[in-house]
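What follows is one structure encoded as structure tokens, with my remarks underneath.
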Amino acid sequence: MNKLTPLLLSCILVPWVLSATVKKFDWSFENTEEAAISHEEDSVLNNEEFLEAKRPETDVMSFPQSDIVPDVTPQPDSELPTCLLCVCLTGSVYCEEILIDVVPTLPKETAYLYARYNKIKRIKTKDFANFPTLKRIDLTGNLIEEIEEGAFSKLPLLEELSLAENKLTKLPVLPAKLTVFNANYNMLKSRGVKSNAFRKLTNLSYLYLSNNQLDSVPLHLPESLRILHMQNNNITSISDETFCKGNSTLYIREKMEEIRLDGNPVSLAKYPNSFICLKMLPFGSYF
Ligand SMILES: *[C@@H]1O[C@H](CO)[C@@H](O)[C@H](O)[C@H]1NC(C)=O
Ligand SMILES: *[C@@H]1O[C@H](CO)[C@@H](O)[C@H](O)[C@H]1NC(C)=O
Ligand SMILES: *[C@@H]1O[C@H](CO)[C@@H](O)[C@H](O)[C@H]1NC(C)=O
């Protein structure tokens, strides 16, 4: 940076910030109530939508981009303030389908980050290092191949994380408070999922790992788990310890409501003792 930079910035940035502010104001003026309502609904988590990671047909972010984003094509290494590039609404940051390739620098006290359908390839530890307030991160539909080991592990309030529709082959360390984790549609292999990956997540209720290349169900699934989706993987066998506790007929896995193992090579009929503690049989092939 040379001495000219501040001057240049004030010549270019200030008028542009002003025009962006005016645009944003127009938008919020017209849509405040609607946005507040959608946001409210969105905050009350719709797990199906969040987790199944299907591109929602109607969405708070489906406003025409021209209304929100200033007339500037985002640059990959942009140093533009995040809230000009993205939409920031009390605690939520929406950076969807704007083709960013890195996680933007978040405003302080961000609780919800939606950065779906971009081109982010890599998550670095520093991306979320100073945001202990994050409760939900949605990175569905990016190109993420690599996540630095501790990138999510130190987020004490993080409850919902979606990494669906990316290119992951292994999982990072997950934070203890997680209730919803979605990694559907990746390239996960069993050797990339540590045997105790989910053990300490004592509030995890929804675990979505469908459409990967896993050849076994992860061990040590927490008691809190209600839904497990592992359809369309490469699972060939199940052990008596996967869901139950060996041959103990006293143990019941109380909370489990749904297990999907369809679309795997395993024939579930070969492992009758694996399900004795469940209140229902898994979906899958019994031939
Ligand atoms: C799980 O949730 C309960 C109730 O909301 C909370 O008291 C507890 O601290 C949570 N556990 C973890 C590991 O965060
Ligand atoms: C599925 O597993 C079999 C044997 O366990 C292996 O030969 C095959 O390559 C696997 N397929 C994929 C897509 O990983
Ligand atoms: C249950 O398993 C344990 C060890 O795996 C074995 O010692 C015990 O005999 C088994 N009990 C029954 C009733 O099969």
Side-chain angles (χ1 to χ4, degrees), residues 43-47 50-51 91 110-113 128 131-138 145 149-242 253-257 260-271 274 282-287:
S43 310
V44 180
L45 174 64
N46 180 339
N47 278 318
F50 177 74
L51 276 185
T110 299
Y112 303 96
L113 169 65
F128 300 117
F131 301 96
T133 47
L134 278 163
K135 290 189 184 157
R136 182 189 301 170
I137 297 175
D138 193 343
E145 284 171 358
E149 192 69 6
F152 297 109
S153 65
K154 297 189 189 80
L155 294 170
L157 301 182
L158 193 70
E159 291 181 4
E160 298 154 29
L161 175 60
S162 177
L163 300 170
E165 298 177 51
N166 278 286
K167 299 189 178 301
L168 292 170
T169 54
K170 57 181 187 169
L171 290 182
V173 178
L174 298 170
K177 229 183 159 129
L178 220 51
T179 60
V180 182
F181 178 65
N182 186 350
N184 285 342
Y185 294 94
N186 274 276
M187 295 149 69
L188 292 173
K189 306 218 192 308
S190 283
R191 66 170 181 275
V193 181
K194 296 208 170 77
S195 68
N196 56 0
F198 304 106
R199 183 181 219 153
K200 289 188 182 153
L201 309 187
T202 51
N203 281 349
L204 188 68
S205 298
Y206 303 88
L207 178 55
Y208 296 84
L209 297 170
S210 76
N211 297 277
N212 279 283
Q213 295 162 21
L214 298 166
D215 51 31
S216 61
V217 177
L219 289 176
H220 309 302
L221 295 172
E223 287 300 316
S224 51
L225 207 56
R226 294 171 57 189
I227 309 264
L228 174 66
H229 282 189
M230 293 199 67
Q231 66 270 31
N232 305 324
N233 276 282
N234 197 17
I235 297 166
T236 49
S237 68
I238 305 276
S239 94
D240 291 357
E241 309 285 331
T242 303
R253 197 177 261 279
E254 287 289 345
K255 299 226 168 115
M256 192 67 98
E257 291 165 15
R260 285 195 57 184
L261 292 170
D262 42 310
N264 283 288
V266 65
S267 166
L268 297 177
K270 287 192 191 154
Y271 305 94
S274 304
F283 292 87
S285 163
Y286 288 86
F287 301 104

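In each ligand, atom 1 is the first atom listed, and ligand 1 is the first ligand listed.
With a 6.0 Å radius and a threshold of 12 heavy atoms from other residues, nucleotides or ligands, Phe283 has its CZ atom at or below the threshold. Within a 6.0 Å radius of NZ in Lys170, no more than 12 heavy atoms belonging to other residues, nucleotides or ligands are found.
Residue pairs meeting the salt bridge (Lys or Arg N to Asp or Glu O under 4.0 Å) criterion with at least one partner in residues 230-239, sequence neighbours excluded, do not occur; the list is empty. Applying the salt bridge (Lys or Arg N to Asp or Glu O under 4.0 Å) test to every pair with at least one member in residues 220-235, sequence neighbours left out, gives these pairs: Arg226-Glu257.
Of all heavy-atom pairs spanning Met230 and Leu214, the tightest one is CE-CD1, 3.5 Å.
Within ligand 1, the atoms closer than 4.0 Å to a non-hydrogen atom of Thr202 are 13 (C), numbered from 1 in the order shown. Counting the atoms of ligand 1 from 1 in the order shown, those under 4.0 Å from a heavy atom of Ala176 are 13 (C). In summary, the atoms of ligand 1 found under 4.0 Å from a heavy atom of Lys177, numbered by their order in the structure, are 14 (O).
One finds the CG atom of Leu161 at 5.5 Å from the CZ atom of Phe181 (value rounded to the nearest 0.5 Å). Taken to the nearest 0.5 Å, the CG atom of Asn184 stands 7.5 Å off from the CG atom of Asn212.
Considering only residues two or more places apart in sequence or on other chains, Phe198 meets the ring pair (Phe, Tyr, Trp, His ring centres under 6.0 Å) condition with none of them.
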Just list the N/O pairs, ligand 2 to protein, that are under 3.5 Å apart, with the distance for each.
unit_1   : atom_1 : unit_2 : atom_2 : d
ligand 2 : 2 (O)  : Asn234 : OD1    : 3.4
ligand 2 : 2 (O)  : Asn234 : ND2    : 2.3
ligand 2 : 11 (N) : Asn234 : ND2    : 2.8
ligand 2 : 14 (O) : Asn234 : ND2    : 3.3

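The shortest N or O to N or O distance between Asn203 and ligand 1 is under 3.5 Å.
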